[in-house]
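Here is the structure we will look at, set down as structure tokens.
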Amino acid sequence: MIEDIIKKATGGLDGIVDELVKAAKGKIKEKVSEAFAIQKLEFFKNNVSRIGQVKTILNPDSIVDLNEIFFEEAVLFNGEKIDSFGQLGGKHILVEGGPGQGKSLYLRKLCIREGSGSAFIPIFIEFRNLKYEKKLKDELMDAICDLGVKLDNALFEFLAESGKIVLFLDGFDEIPNNERYNAARELETIVRTYPDLRIVVSSRPDSGMGSSFYFTKRKISPMHIDTQVKFVNHLYKSVDQSKNIIDILTNSHFISDVTTTPLLLTLFTITYNARQFKPDSLSEFYSLIFPTMLYRHDRMKIGFERERKAGLTDYQMQRLFDSLSFLSLNENNTRFPTYLFQNYLNNAAKLERLPDNIEDLLIDDITTITALIVRDGFNEYSFTHKSIQEYFAAIFISRLSEDRKQGFYGMVINEFDEFRKWQNTLAFLETIDERNYIKYFLVPYKKEVLCLDYNSNININYQSLMTLIGSDSRVRVDETGDLKEFYWGDTSSSVLYVRYSEFAKKAIGRYLVSKKKDIADFLSYCDERDYVNYQELDGDFAIVIDKFIKSNNFQREVSKYISKEFERSPFKSEVLNMESELCLSDQITDKILPF
């Protein structure tokens, strides 16, 4: 009997596969049996269990079991602990969290938990490992094949429609910028086509999934002080090790306001234990990371100093790491193979005027001494966390000449994909390169968004309006044109200057309310295919705001409306005052300095 091919052995996956085989018919039954034959199923199970073998920044030299180190209270959603897929409250979930909030570890934990149960077959895929040479569905099938389950279209469709598969797709924000919009839309297509296929996507906020109404959003909460205390006790089993850190957290509002993520709290414990120093700003906090990691292993062993194979000084090592971070982030690579690592180091050494042909020595020094980049697989390396790469890239940019900084800031203003790549780096530059950030980025950005003319009048054009609200933003309406809900796309404004974005969104909301009849007519007279595509939400309709406006030739009208609304706001005076203060500061500097 074909059912006998599947053994009821350890774990719940065997039983789920057995159910799938029994439910299948004809050739599909044969394909299921072949895909999940005993040896292949064991290989798949091993891959699932490997997801739980991780390296941490606290113990970068060893691989640890996720179950032993994961602290569940660090990842809460509005104060609620969710420890299984079923508790997430939907079939299609978007888990959002900022840098270092534990998104990846959380998805791994959920995947392992489902793997030990008997409800779903869990599949964990990292977006950063896909090639983006095919349709997203085909890329996912290839990734599943690498896990030990070979699929064709027919088998994928059967499994997707079975309701027995849950995909854990980690790191949407790590998709290359020019591929992200298409990936978001293809994810929506997959969800529409296979509504019973469970999917959990993790991402940083404002990374390209914001306008999707197909995914229920779950946002990770910052850690409150009481959770931080518990987390420190979790990290350090010894009361003596944790006491001083807990005292600082409970007595320093600045520190506890910064250490609201597992990553930053862990980094603070490492830097404090090594230096007994309390930083006064986020940038100062990050500035301690490299020198601390450079020496922390050595300080644990009296009289021992780890040999540096490349023979670089502390100063040279840090500058090289700054350059390496910039070069790799510029190519959107947090993870890279050995040959690319060597190439980055070769170019970084040239930028810092260091000796030639020391790349292999530098790889050993960086990975074994600092552990800020670690081996990740057989022939791959990755930054311990992307925010570390982003901070040191900011340090590199802050060291550039003023002309090159101006070029960098201009590029980020004019190209949204570049902004997405550098948005977290910009947050660091706001502090460590304040004058140039304001002069070459913030003031020009705000003036460009407001479309200030030579007379300082606001004339927002339609393209700028879409920059404020998102060209893929949608509104949920009923057949009469009444507005129900908005699904805002992700834009640079929604990340960088929330007040502009929120103001524009509220104004557009008021404008669309006044267009109720036009919205109803738009639905009535659109072609049948569009009508079906819009009708996605329990009888309501989700229409793209941009398409509605263009279909009715309202671009000029809405631009004038928004411009008048902004003229009545304080935004214009704020940016003009900021520019005036900057000019005054430059004049004083020119007057005081003798050169």
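Remember, it's a predicted structure, so these values are computed and weren't measured experimentally.
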Any idea how [X] and [Y] line up, ring-wise: parallel (<30°), tilted (30 to 60°), or perpendicular (>60°)?
| X | Y | value |
| --- | --- | --- |
| Phe419 | Phe441 | parallel |
| Trp422 | Phe326 | parallel |
| Phe486 | Trp488 | parallel |

Give a yes-or-no answer on whether the side chains of [X] and [Y] include a donor-acceptor pair shorter than 3.5 Å.
| X | Y | value |
| --- | --- | --- |
| Asp518 | Asn552 | no |
| Gln101 | Tyr106 | no |
| Asp170 | Ser104 | yes |
| Arg185 | Asn182 | no |
| Ser401 | Asp403 | no |
| Thr227 | Glu73 | no |
| Glu331 | Tyr344 | yes |

> Sequence neighbours excluded, which residues qualify as ring pair (Phe, Tyr, Trp, His ring centres under 6.0 Å) partners of Phe428?
Replying inline: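 Phe428 satisfies ring pair (Phe, Tyr, Trp, His ring centres under 6.0 Å) with Tyr286, Tyr391 once adjacent residues are dropped.
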Heavy-atom side-chain contact between [X] and [Y] under 4.5 Å:
| X | Y | result |
| --- | --- | --- |
| Val575 | Leu442 | no |
| Ile93 | Arg198 | no |
| Ile144 | Ile125 | yes |
| Arg399 | Ser323 | yes |
| Glu557 | Lys515 | yes |
| Lys547 | Ser551 | yes |
| Leu136 | Leu130 | yes |
| Ser325 | Phe396 | no |

Treating [X] as the side-chain partner and [Y] as the backbone partner, does any N or O pair qualify as donor plus acceptor under 3.5 Å?
| X | Y | value |
| --- | --- | --- |
| Ser559 | Gln555 | yes |
| Gln389 | Asn333 | yes |
| Asn577 | Ser573 | yes |
| Thr259 | Leu264 | no |
| Thr589 | Ser585 | yes |
| Asn457 | Asp453 | no |
| Ser464 | Ile460 | no |
| Arg180 | Asp173 | yes |
| Thr260 | Met223 | no |
| His385 | Pro99 | no |

>> Ile519 vs Leu483, test: side-chain contact (heavy atoms from CB on, under 4.5 Å). Steps then yes/no.
In response: CA-CA 9 Å; Ile519 293 172; Leu483 276 61; 3.9 Å; yes
Locate the shortest heavy-atom distance separating [X] from [Y]; write the atom from each residue and the value.
| X | Y | result |
| --- | --- | --- |
| Leu159 | Ile165 | O-CG1, 3.4 Å |
| Gly489 | Ser473 | N-OG, 2.7 Å |
| Ile562 | Ala507 | CD1-CB, 3.6 Å |
| Phe213 | Ala542 | CE2-CB, 3.3 Å |
| Phe392 | Asp322 | CD2-OD1, 3.3 Å |
| Met141 | Asp152 | CE-C, 3.4 Å |

Can you confirm whether more than 12 heavy atoms, excluding those of [X], are under 6.0 Å from its [atom1] atom?
| X | atom1 | value |
| --- | --- | --- |
| Arg556 | CZ | no |
| Asn78 | CG | no |
| Gln87 | CD | yes |
| Gln463 | CD | no |

> Just one of Arg335, Lys103, Arg108 clears the salt bridge (charged side-chain N to carboxylate O under 4.0 Å, His left out) bar with Glu126, so which one?
Replying inline: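 Of the listed residues Arg335, Lys103, Arg108, the salt bridge (charged side-chain N to carboxylate O under 4.0 Å, His left out) partner of Glu126 is Arg108.
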> salt bridge (charged side-chain N to carboxylate O under 4.0 Å, His left out) with Lys516: which of Asp521, Asp478, Asp482?
Replying inline: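 Checked Asp521, Asp478, Asp482 against Lys516; only one passes salt bridge (charged side-chain N to carboxylate O under 4.0 Å, His left out): Asp482.
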> In a check of ring pair (Phe, Tyr, Trp, His ring centres under 6.0 Å) between Phe548 and each of Phe522, Phe541, Tyr525, which one passes?
Replying inline: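 Exactly one pass, corresponding to Phe522.
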> Under the side-chain contact (heavy atoms from CB on, under 4.5 Å) test, which residues partner Asn178, sequence neighbours left out?
Replying inline: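 Checked Asn178 against side-chain contact (heavy atoms from CB on, under 4.5 Å); matches are Pro176, Asp417.
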> Taking only residues two or more places apart in sequence, or in another chain, which ones meet Asp206 in a side-chain contact (heavy atoms from CB on, under 4.5 Å)?
Replying inline: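 Asp206 satisfies side-chain contact (heavy atoms from CB on, under 4.5 Å) with Asp490, Ser494, Val495 only.
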>> Show, in sequence, the C-alpha distance, side-chain angles and deciding distance for Arg435 and Asp586, and conclude whether the side-chain contact (heavy atoms from CB on, under 4.5 Å) test is met.
In response: CA-CA 10 Å; Arg435 176 189 174 276; Asp586 285 346; 3.2 Å; yes
> For the ring pair Phe172 and Phe127, is the centre-to-centre distance below 6.0 Å?
Replying inline: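 Aromatic pair counts; centres sit under 6.0 Å.
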>> Using ring centroids (six-membered ring only for Trp), state whether Tyr440 and Phe408 fall under 6.0 Å.
In response: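 No, the ring centres sit 6.0 Å or more apart.
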> Would Asn153 and Lys137 satisfy side-chain contact (heavy atoms from CB on, under 4.5 Å), going step by step from the backbone distance to the final call?
Replying inline: CA-CA 9 Å; Asn153 280 315; Lys137 175 187 165 186; 3.3 Å; yes
Strictly below 4.0 Å, N to O, side chains only: are [X] and [Y] in salt-bridge contact?
| X | Y | answer |
| --- | --- | --- |
| Lys564 | Glu567 | no |
| Arg499 | Glu574 | yes |
| Arg568 | Glu565 | yes |
| Arg218 | Glu80 | yes |

> Roughly how far, to the nearest 0.5 Å, is NZ of Lys421 from CD of Glu415?
Replying inline: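 Between atom CD of Glu415 and atom NZ of Lys421 there are 8.5 Å.
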> Checking side chain to side chain contact (heavy atoms under 4.5 Å, CB included) against Lys439, which of Met578, Lys405, Glu402, Glu434 comes through?
Replying inline: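 By the side chain to side chain contact (heavy atoms under 4.5 Å, CB included) criterion, Lys439 pairs with just one of Met578, Lys405, Glu402, Glu434: Glu402.
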> Does the side-chain contact (heavy atoms from CB on, under 4.5 Å) test come out yes or no for Val75 and Leu105, once each step is laid out?
Replying inline: CA-CA 10 Å; Val75 183; Leu105 291 185; over 6 Å; no
